[in-house]
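These notes concern the structure reproduced below.
Counting starts at 1 for both ligands and their atoms, in listed order. Source: prediction; values computed, not measured.
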Amino acid sequence: MEQFQGELIDRVFDRGICVKCGACVGLCPYFRYFDGIVAVMDRCVAGTGRCVQVCPRAGYKSTAPQENATDGNGIGIYRSVFKARASVDTLHEGVQYGGVVTALLAYGIENSFFGGAIVTDREGALAPSGMLAESVTDIARCAGSRYSAAGSLAVFNKAIKDGKGNLAVVGLPCQMEALERMKHSIPDGAQRESAVSLRIGIFCTWALDYRMLKDFLRANGVTGAVKKYDIPPPPSEKFVVFTEQGRREFPLMEIRGLVQKGCSLCRDMTAEHADISIGTVEGEEQWNTVVLRTEKGEAFFEEALNKNIVEKAQLPDQNLNHLSTASRNKRKRGKNAELELSREG
Ligand SMILES: Cc1cc2nc3c(=O)[nH]c(=O)nc-3n(C[C@H](O)[C@H](O)[C@H](O)COP(=O)(O)OP(=O)(O)OC[C@H]3O[C@@H](n4cnc5c(N)ncnc54)[C@H](O)[C@@H]3O)c2cc1C
Ligand code: SF4
Ligand code: SF4
């Protein structure tokens with residue numbers, strides 16, 4: 001069946017629900033990511049419509065593992081869940097929490113499990129964006145969380161165009177979903193899939209619109225480069241920004257107004273399409289929650305564990321229960337928002 005770019009424009013751009021995952025950028029010359037936005041450069045009449053096929057906001061598709069009846073506790077299909085952190089020797093400066101993402105990537109690159117990793121860089125004069133990291137130095141430079149969407153899958157598409165393969169991809173749940181859709185897309189999904197060696201998904205409740213965030217910070221006197229963002233666990237209800245000038249705190253209530261509209265439709269909190277999903281452990285910020293989902297993800301993690309790259313411990317039941325509830329609630333909210341949008345026409 002033919003699909004057209006016009007469908008993506010009608011269903012996603014005109015409704016303002018693009019979440020800047022970057023998956024449509026670089027598939028053809030008609031989309032660009034620049035400084036926090038994805039723009040349509042020109043109209044396309046080709047009937048291949050790869051852009052519509054890969055977009056996680058182009059309509060809900062029940063290909064997600066979360067639809068599976070065996071998904072007992074609401075965080076998708078998995079083999080094991082526990083907490084972990086980078087070992088003392090592998091803990092890089094600037095990591096967000098336990099540093100597991102960065103430690104795993106560094107280990108994978110150093111030991112040629114993959115040739116490169118698609119990560120998200122730190123913002124400079126422009127918004128954060130994707131980066132193909134091919135060394136431990138590159139990986140370490142991208143440690144930490146930018147709480148705005150950064151279009152990083154555009155760099156994945158470019159890497160494929162440049163003939164790169166054997167890649168690890170780090171991304172938000174919507175980006176893992178886009179990769180899953182890409183896998184099944186026509187005509188070159190299989191080729192794209194074969195370039196991915198490992199998918200590391202990071203948990204996500206929402207992401208901010210970068211330009212709105214920038215305006216908000218500027219209006220509140222934060223103009224220099226941001227070194228780190230943080231959202232401490234409840235009940236803090238704070239958004240914290242670290243700059244050269246020091247630390248600034250803002251009520252989370254004020255920040256929620258800057259969340260991308262398309263995030264309201266999102267049903268995935270724990271990156272259910274990843275090989276390994278990683279988030280924080282509420283109340284124990286030196287640790288990460290780790291969900292091993294696939295055989296590939298499990299084998300890679302176990303190897304890193306055996307080499308003392310990371311250490312693991314049991315995740316308290318209370319944390320798992322809380323994660324399950326948050327994840328289920330996100331699914332419900334996303335489903336309701338989709339129904340509401342379809343009523344709007
Ligand atoms: C927008 C956003 C929302 C999040 N929401 C939650 C949440 O609700 N609950 C929760 O438990 N955890 C959430 N996280 C994940 C959390 O902030 C950490 O990324 C995760 O716990 C891994 O910690 P770490 O110490 O291993 O990360 P690090 O070792 O510091 O590695 C972080 C990795 O994340 C990548 N990254 C940074 N910013 C982005 C971005 N904008 N898009 C894609 N990749 C990026 C970097 O390239 C880096 O490789 C969120 C992250 C982001 C970016
Ligand atoms: S959500 Fe992703 S794939 Fe869809 S239009 Fe936006 S950037 Fe493109
Ligand atoms: S809430 Fe969903 S759509 Fe929004 S950035 Fe997070 S994973 Fe992507």
Starting from the C-alpha separation in whole Å, work towards a yes-or-no answer on side-chain hydrogen bond (donor to acceptor under 3.5 Å, both in side chains) for N166 and S197. CA-CA 5 Å; N166 192 19; S197 301; 2.5 Å; yes

What is the closest protein heavy atom to atom 4 (Fe) of ligand 2, and at what distance does it sit? C55 SG, 2.3 Å

Any ion pair linking R146 and E123 (charged N to carboxylate O, less than 4.0 Å)? no

Flag G144 as yes when one of its N or O atoms lies below 3.5 Å from any N or O atom of ligand 1, and as no otherwise. yes

Thinking salt bridges, do R331 and D268 make one under a 4.0 Å N-O criterion? no

Within a strict 4.5 Å, meaning less than it, do heavy atoms of the Q260 and C18 side chains meet? no

Checking E237 now: which residues fulfil salt bridge (charged side-chain N to carboxylate O under 4.0 Å, His left out) with it, not counting sequence neighbours? R256

Please list the nearest protein heavy atom to atom 34 (O) of ligand 1 with its residue and the distance rounded to 0.1 Å. I202 CD1, 3.7 Å

May I ask you to check if ligand 1 and L172 share an N or O to N or O distance below 3.5 Å? no

Tell me the nearest of R122, Q286, R146 to atom 38 (N) of ligand 1, using heavy-atom distances. R146

At less than 4.0 angstrom from any non-hydrogen atom of V100, what atoms of ligand 1 do you find? 26 (O)

Quick check for you: within a radius under 2.8 Å, how many protein N, O or S atoms neighbour atom 6 (Fe) of ligand 3? 1

Residue V95 vicinity, atoms of ligand 1 by number, heavy atom under 4.0 Å: 29 (O), 30 (O)

Please find the pair of heavy atoms, one from A46 and one from F4, that lie closest to each other, and give the distance. O-CD2, 3.2 Å

Could you tell me whether G279 and ligand 1 have an N or O pair separated by under 3.5 Å? yes

Note the single closest protein heavy atom to atom 2 (C) of ligand 1, along with its residue, its atom name and the distance in Å. Y147 CD2, 3.5 Å

Considering only protein heavy atoms, which is closest to atom 6 (Fe) of ligand 2, and at what distance to one decimal place? C18 SG, 2.4 Å

When the ring planes of Y229 and Y147 are compared, do they come out parallel, tilted or perpendicular, using 30° and 60° as the limits? perpendicular

G98 heavy atoms within 4.0 Å reach ligand 1 at atoms 25 (O)

Shortest protein heavy-atom distance from atom 1 (S) of ligand 3, along with the residue and atom involved: K330 NZ, 3.2 Å

Quick check for you: to the nearest 0.5 Å, what is the distance between T280 atom OG1 and Q286 atom CD? 9.5 Å

Whether G22 lies under 4.0 Å from ligand 2, heavy atom: yes

If you have a sec, work out which protein heavy atom is nearest atom 2 (Fe) of ligand 2 and how many Å separate them, to one decimal? C21 SG, 2.4 Å

Using a strict threshold of under 4.0 Å (side-chain N to carboxylate O), is an ion pair present between K335 and E338? no

Are any of the side-chain nitrogens in R293 or E298 under 4.0 Å away from the carboxylate oxygens of its partner? no

Just heavy atoms, cut-off under 4.0 Å: does A86 contact ligand 1 by side chain, backbone, both, or neither? neither

Checking the N or O distance criterion of under 3.5 Å, is ligand 1 in contact with A150? no

Mind listing the closest non-hydrogen atom pair of G36 and Y210 along with its distance? CA-CB, 4.2 Å

Who are the side-chain hydrogen bond (donor to acceptor under 3.5 Å, both in side chains) partners of E311, not counting sequence neighbours? R85

Nearest heavy atom to atom 39 (C) of ligand 1, choosing from T120, T270, V119, belongs to T120

Judging by distance only, is a nitrogen or oxygen of V170 under 3.5 angstrom from one on ligand 1? no

Of all the atoms in ligand 3, which lie at a distance below 4.0 Å from a heavy atom belonging to R57? 3 (S)

Can you tell me the protein heavy atom closest to atom 6 (C) of ligand 1 and the distance? F203 O, 3.3 Å

Identify, for atom 23 (O) of ligand 1, the protein heavy atom at the shortest distance, and state residue, atom and that distance. N288 ND2, 3.1 Å

Salt-bridge contact D230-K238 (side-chain N to carboxylate O under 4.0 Å): no

Would you please determine whether K20 falls within less than 4.0 Å of ligand 3 on a heavy-atom basis? no

Check for me whether K312 meets the cation-pi criterion with F82, that is, NZ or CZ under 6.0 Å from the six-membered ring centre and within 45 degrees of the ring axis. yes

Protein heavy atom at shortest distance from atom 19 (O) of ligand 1: S145 OG, 3.0 Å

Short N-O contact, R211 and D215, less than 4.0 angstrom: no

Side-chain cluster (under 4.5 Å, hydrophobic types only) that V169 belongs to, other residues: L27, V54, I118, L132, L153, V155, F156, I160, L167, M176, L179, M182, V196

Can you confirm, on distance only, whether ligand 1 has an N/O atom lying under 3.5 Å from any N/O atom belonging to Q175? no

Can you classify the ring geometry of Y107 versus F113 as parallel (below 30°), tilted (30 to 60°) or perpendicular (above 60°)? tilted

Need the ligand 2 atom indices (1-based, order shown) with element for anything under 4.0 Å from a heavy-atom of C24. 3 (S), 5 (S), 7 (S), 8 (Fe)

For atom 8 (O) of ligand 1, the closest protein heavy atom turns out to be T205 OG1, 2.5 Å

Find out if a path of hydrophobic residues (ILVMFWY) with successive side-chain heavy-atom gaps under 4.5 Å connects V19 to L208. no

Can you confirm, on distance only, whether ligand 1 has an N/O atom lying under 3.5 Å from any N/O atom belonging to W206? no

Does any N or O atom in V101 lie less than 3.5 angstrom from one in ligand 1, N or O only? yes

Do NZ/NE/NH1/NH2 and the carboxylate oxygens of D275 and R199 come within less than 4.0 Å? yes

Shortest non-hydrogen pair, G297 vs L292, comes out as O-CD2, 4.1 Å

Consider only side-chain N and O atoms of S152 and Q175, and report whether a donor and an acceptor are under 3.5 Å apart. yes

Subset of ligand 2 atoms that lie under 4.0 Å from at least one heavy atom of F13: 5 (S)

At a non-hydrogen distance cut-off of under 4.0 Å, which region of T102 contacts ligand 1 (side chain, backbone, both, or neither)? both

Protein contact of atom 48 (C) of ligand 1 - nearest heavy atom, named by residue and atom, plus distance: C142 O, 3.4 Å

